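Data block below; observations after.
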Amino acid sequence: MVLVESCTPPLARDYIKILQQCPKKTTYESARVCETSEALPLIDLRRLMGDDEGERAKSALEIVRASSEWGFFQVVNHGVSSKLLNRMRREQVELFNAPFSRKSTCGLLNNSYRWGTPTATSPDNFSWSEAFHVPLTKVSDPTCYGEFSSLREVLVEYAAAMQKVARMLAGVLTSNLGQSIEVFEEMIGCDESTCYLRLNRYPTCPLSAEIHGLVPHTDSDFLTILHQDQVGGLQLMKDNKWIAVKPNKDALIVNIGDLFQAWSNDVYKSVEHRVMANAKRERFSVAYFLCPSHHSLIGSCKQPSLYTNFTFADYRNKVQHDSKLHGRKLGLSRFRR
Ligand SMILES: O=C(O)CCC(=O)C(=O)O
Ligand SMILES: [Fe+2]
C-alpha cells in the first residue's frame with residue numbers, strides 16, 4: 001500500500017478507485033496476445049527526397065500502400081537529426097522528473113499536464129501515463145516554461161522539424177488522391193499554429209501486467225509522427241490482431257489519423273493502437289499531431305462522400321462528449337452517412 005500511495009502521479013490511487021467502483025471484474029481477454037511476425041513497413045525517405053524520379057515514385061507508392069493497408073509505417077532517413085531527437089528526450093525526462101505538484105499546478109506548457117484518465121469508467125479505459133499536450137501556438141511563448149527555459153528552444157526546433165516531415169508525407173498522400181498539398185493546406189487550414197505536440201511518460205506499473213499505458217484509440221488528426229525510446233509497448237491493430245511495434249532507434253513512426261481517413265474517403269486507414277504498461281521500465285515518447293484549424297470543414301475529397309461534412313471543432317466536441325458519457329471516443333462512426 002505504501003508503494004501505491006507514494007506513486008506520483010497518483011495513478012495507483014486513481015486506478016484502485018475505479019477498480020473498486022466497477023462492479024464487474026474486467027477481464028483483459030487477450031490483452032497481451034500479440035502477433036509479432038509481421039513487421040511494420042519501413043520506408044527510406046532518402047529515396048523520396050532524391051533526384052531519381054523512379055525511386056521517388058516507388059517510395060511514394062510504399063507510403064500510400066502502408067497508409068491504406070496498415071495505417072502505420074516507420075520512416076528512416078527522415079532528415080531529423082539524432083542530436084535534436086536526443087536533446088528533446090533529455091529535456092522531456094527532466095521535465096517529467098519535476099515534482100508532481102509543480103507539473104500539475106503551476107501552469108507549465110499552457111496548463112497542458114494530464115495524468116491517468118479522469119473520464120475512465122472502468123479499469124480498461126484507464127491509461128497508466130502522464131502527458132503534456134501542447135498546442136504549437138504556445139511552444140514559443142516564454143511564459144509557458146517557468147524554470148524549464150531550455151525546453152523552449154528544443155520544442156520550437158522539434159516542432160519545425162516534425163512539421164517538415166509531416167508536410168512531405170501529407171504531400172505524397174494528397175497527391176495520390178489527385179490533390180496538391182497547397183490546395184490541401186488551404187482547404188483544411190493545416191499549419192504550424194493548429195498542430196500539437198504530446199510529451200508522454202509511462203511510469204512503471206507495479207499493479208498488474210495487463211494495464212494499459214495508453215488505452216486503445218485512434219488519433220483525431222490527419223497524421224501523427226511519433227518518436228519513442230527503446231523500451232517498447234506500442235501495439236497496433238491489424239486484421240483483428242494486436243501487432244507489437246519493435247523499437248528502431250533510427251526510425252520515426254507515422255500513423256494516419258481519423259481526419260485523413262475521412263478526407264480520403266477511407267482510402268487511408270486510421271487504426272487503433274495502444275501502449276501496454278511495463279512493470280520494470282518507464283517509457284517516453286513524443287507525438288506530433290498534424291491538425292487543421294477548428295473551423296475547417298473536413299469533407300471528403302472524393303464523391304460520393306462516406307461521411308457527413310463536419311468541422312474539426314465538431315469532431316473534437318463529439319469526442320469529448322462521448323468520452324464523458326461512454327468512457328471512450330466513438331470517433332468517425334459518429335459521422336458516417
Ligand atoms: O507512446 C506511444 O507509443 C503512442 C502515443 C500515442 O498513441 C498518442 O499519444 O496518441
Ligand atoms: Fe495515438
Side-chain angles (χ1 to χ4, degrees), residues 9 11 31 34 36 40 67 70-75 85 88-89 92-93 95-96 109 112-120 125-136 155 158-159 162 166 169 195-205 211-238 242-249 251-261 268-278 281-291 312 315-316 319-320 322-323 328-332:
L11 294 165
C34 187
T36 43
L40 189 60
S67 303
W70 285 75
F72 254 86
F73 52 96
Q74 326 172 64
V75 293
L85 295 170
M88 179 71 247
R89 182 55 36 80
Q92 179 184 12
V93 170
L95 175 68
F96 279 110
L109 294 174
S112 63
Y113 178 68
R114 302 284 178 272
W115 76 95
T117 315
T119 53
N125 47 37
F126 184 85
S127 292
W128 193 275
S129 52
E130 57 180 331
F132 288 90
H133 192 71
V134 198
L136 287 200
L155 273 186
Y158 189 89
M162 288 300 148
L169 296 170
C195 300
Y196 289 80
L197 275 179
R198 187 178 158 103
L199 314 181
N200 294 308
R201 173 177 173 254
Y202 302 90
T204 54
C205 177
I211 293 176
H212 290 117
L214 194 56
V215 295
H217 67 282
T218 58
D219 291 346
S220 306
D221 63 350
F222 274 99
L223 60 83
T224 307
I225 304 179
L226 184 88
H227 181 239
Q228 64 167 339
D229 63 16
Q230 297 301 294
V231 173
L234 174 62
Q235 300 178 355
L236 62 98
M237 186 54 95
K238 181 158 191 293
W242 287 111
I243 301 211
V245 177
K246 199 166 166 249
N248 172 340
K249 70 174 178 35
L252 296 172
I253 296 163
V254 181
N255 66 282
I256 300 295
D258 300 341
L259 304 185
F260 233 142
Q261 173 163 335
Y268 306 133
K269 304 289 181 323
S270 174
V271 309
E272 267 200 315
H273 50 287
R274 67 181 185 181
V275 177
M276 298 314 292
N278 187 314
R281 294 177 73 191
E282 66 176 346
R283 174 176 183 269
F284 292 92
S285 70
V286 184
Y288 171 91
F289 298 101
L290 182 68
C291 297
F312 185 41
Y315 198 73
R316 285 175 60 119
V319 168
Q320 267 172 16
D322 289 340
S323 304
R328 67 189 182 91
K329 119 180 192 191
L330 302 179
L332 279 180

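Treat the numbers as computed from the prediction; the structure is a model and nothing was measured. First listed ligand is number 1; within each ligand, the first listed atom is number 1.
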>> Does this structure show an ion pair linking Asp229 with Arg281, if we count only N-O contacts that are shorter than 4.0 Å?
In response: no
> Is any N or O atom of His273, backbone or side chain, closer than 3.5 Å to an N or O atom of ligand 1?
Replying inline: yes
>> With a cutoff of 4.0 Å, is Gln228 in contact with ligand 1, counting heavy atoms of the residue only?
In response: no
> Using a heavy-atom cut-off of under 4.0 Å, does the side chain or the backbone of Asp219 touch ligand 1, or both, or neither?
Replying inline: side chain
> Does a sphere of radius 6.0 Å around CZ in Arg201 hold more than 12 heavy atoms from other residues, nucleotides or ligands, not counting ones at 6.0 Å or beyond?
Replying inline: yes
>> Side chain, backbone, both or neither: which applies to Ile253 and ligand 1 if a contact is any heavy-atom pair less than 4.0 Å apart?
In response: neither
>> At under 4.0 Å between heavy atoms, is it the side chain or the backbone of Phe289 that contacts ligand 1, or both, or neither?
In response: side chain
>> Would you say Asn200 and Ser129 are linked by a side-chain donor-acceptor pair, where the criterion is simply a distance under 3.5 Å?
In response: no
>> Please list, in number order, the atoms of ligand 1 under 4.0 Å from a heavy atom of Ser285.
In response: 1 (O), 2 (C)
>> Please confirm whether Arg274 approaches ligand 1 to less than 4.0 Å, judged on its heavy atoms.
In response: no
>> Checking side chain to side chain contact (heavy atoms under 4.5 Å, CB included) between His212 and each of Gln235, His217, Met276, which is the one that passes?
In response: Met276
>> Distance check, rounded to the nearest 0.5 Å: Phe260 atom CZ versus Leu169 atom CG?
In response: 9.0 Å
